[in-house]
Amino acid sequence: MSKDTWINDILAGQYDGQDIELKGWIHRSRGSNKIRFIVIRDSTGKIQCVAKRAVLGDDFFDELKGSLIESSVILRGKVEATDREHGHEIQITSGEIVGAVNPDRPFPITESAMSEADGGETEFLLDNRHLYLRTSRMTTMLKIRSSVFGAIHSYFRNRDFIEYQAPNFVAGAVEGGSTLFEVPYFGRKAYLTQSWQLYAEAAMPALERLYTMAPSFRAEKSRTRRHLTEFWHAEMEIAWASNNEVMKHGEGVVRHIASTLLDERSDELASIGRDLELIARYADTPYPIIRYDEAIEILQSKGVDVEWGQDLDYSKEKILTADFEVPHFLTHYPRIAKPFYHRPDPEDPKYVLCHDLLAPEGYGEIIGGGERTWSEKEILERIDEEGTPREPYEFYIDTRRYGGVPHGGFGLGVDRVCTWLSGADHIREVIPFPRDSRRVTP
RNA sequence: GCCGACAUAGCUUAGUUGGUGGAGCGGUGGACUGUUAAUCCACAGGUCGCAGGUUCGAGUCCUGCUGUCGGCGCCA
């Protein structure tokens, strides 16, 4: 079996006046005992089909009349351009029910289930996520997400980056150890990776420009609209690069994602109420860069209680991002606020050569990156200074022992970018099966 | 880890100072030949999250538990 007729092509007028065979699912069904209006959904759209008892005969008409929402069907008939609401209709002449829905268990996602959700997510919809995926809002989000993933791949591949895979079982942490997922590993302990970075640095002298998109895992009991325990992490690492060059790629990839969405998903973005002018601005306007010290001054001038040396938490990020209409970089954090792999600034070692990219509209951090500590002497100092044991990082230190070079990279939260660019209220809305501290099912 | 809410039919919910739980959607049966969340009539569907307590009497008041949601911290 195959399918060669798609609803969006019918709606575009490709089949006007022709007999076609349509495969899909019943979205809505209404009408009388003599005529039924059956709206069929497929992955590309919805179209109204007209079933008449006089044409179909009693058997198939009654079968169709009794078919519940989300039954799968094959319908054959003639495409007719009309000036009614849908623009095109199919006058059904024959067909068959492929997968009938049992009336004892009707499709549970009803209008009422959707009405209160309004883009957000009720417990019921989260419990029935596997069915919620079929609704138009979720389908739209998944299409946008696909384009975001495609844009990230094309950005790096078009610039001769090599896609490179790191293990997901690891022995040590990248970030603080408290957020590691521990898994039993044949009598030993292993952890789920928090980042591809350390393994990417090992391959940096071999590939020089590399990237990945892979899940990262963080056992944070975060209950916010921008955290998942399993999230998709786009990371890159580049040899012979400074913090500034890494930032150029960060800006480049985010702008490329925005322009790709404008090309590929304007209709979808508009259908969920996203202002396309905003997306165009994110694609076209340069992203400003401010230093951590300037950010502190801005915050203090606004009367925010913040001291130099503190990391900037979300409440402060939000105040800062309110001043910007496009994403903006924060650079040169105090070294005491950042982990050992960030390289101290040779011009003032109180700071490290790092950057965060903050999305506007209150969405906050989407990229964290910077230049790496790359000499053996410096990396050992930084590890010891932090009180981190050296042993799990021997392979990482070896990268410096054998021809270390200046290099850097960043990690981008793909789900966060999807949330921001789609204008979603919650990161859960943009991933099919979200994982957080309270939910691993379905 | 911390703080705050919520839990009534398959879904969304109403439920007064405590007195035998209603509706809309969905489902079933019926009417209806152009409907747009179709309409109209009828029917079925409830251990009011769980366990205690107060009371003549608890969906309603109290305590504990469980689950979920929202926010903070941390981060992408």
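Within every chain, numbering begins at 1; the chains are lettered A, B, ... in the order of the sequence lines, protein sequences first and strands thereafter. What you see is a predicted model, and the numbers here were worked out from it, not measured in a lab.
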Pairing residues for A/Asp58 by the salt bridge (Lys or Arg N to Asp or Glu O under 4.0 Å) criterion, not counting sequence neighbours: A/Arg53

Are any of [X]'s side-chain N or O atoms less than 4.0 Å away from OP1 or OP2 of [N]?
X        : N      : answer
A/Arg28  : B/rC25 : no
A/Arg30  : B/rU35 : no
A/Arg223 : B/rC3  : no
A/Ser315 : B/rG73 : yes

The criterion is ring pair (Phe, Tyr, Trp, His ring centres under 6.0 Å); which residues satisfy it with [X], sequence neighbours excluded?
X        : result
A/Phe149 : A/Trp232
A/Phe107 : none
A/Phe181 : none

Members of [range] that approach RNA chain B, where some heavy atom sits under 4.0 Å away:
range                       : result
residues 58-76 of chain A   : A/Leu68
residues 39-48 of chain A   : A/Gln48
residues 431-442 of chain A : A/Arg438, A/Arg439
residues 407-418 of chain A : A/Gly411, A/Gly413, A/Arg416
residues 250-257 of chain A : none

Where does RNA chain B pair, written as one dot-bracket string 5' to 3', with Watson-Crick or G-U pairs under 3.5 Å, ( ) inside the strand, [ ] for crossing pairs and | for another strand? (((((((..((((.....[..)))).(((((.......))))).....(((((..]....))))))))))))....

Would you be so kind as to tabulate the donor-acceptor pairs closer than 3.5 Å made by side chains of residues 73-83 of chain A, with sequence neighbours excluded?
{"unit_1": "A/Arg76", "atom_1": "NE", "unit_2": "A/Ser94", "atom_2": "OG", "d": "3.1"}
{"unit_1": "A/Arg76", "atom_1": "NH1", "unit_2": "A/Glu21", "atom_2": "OE2", "d": "2.9"}
{"unit_1": "A/Arg76", "atom_1": "NH2", "unit_2": "A/Glu96", "atom_2": "OE1", "d": "3.4"}
{"unit_1": "A/Glu80", "atom_1": "OE1", "unit_2": "A/Gln91", "atom_2": "NE2", "d": "3.1"}
{"unit_1": "A/Thr82", "atom_1": "OG1", "unit_2": "A/Arg84", "atom_2": "N", "d": "3.0"}

Residues at least two apart in sequence or cross-chain that pass side chain to side chain contact (heavy atoms under 4.5 Å, CB included) with A/Phe324, listed by chain then number, are A/Pro288, A/Ile290, A/His328

Side chain of [X] - closest among [options]:
X        : options                : result
A/Asp313 : B/rU35, B/rG73, B/rC32 : B/rG73
A/Pro106 : B/rG1, B/rC72, B/rG26  : B/rG26
A/Lys34  : B/rU33, B/rC72, B/rU35 : B/rU33

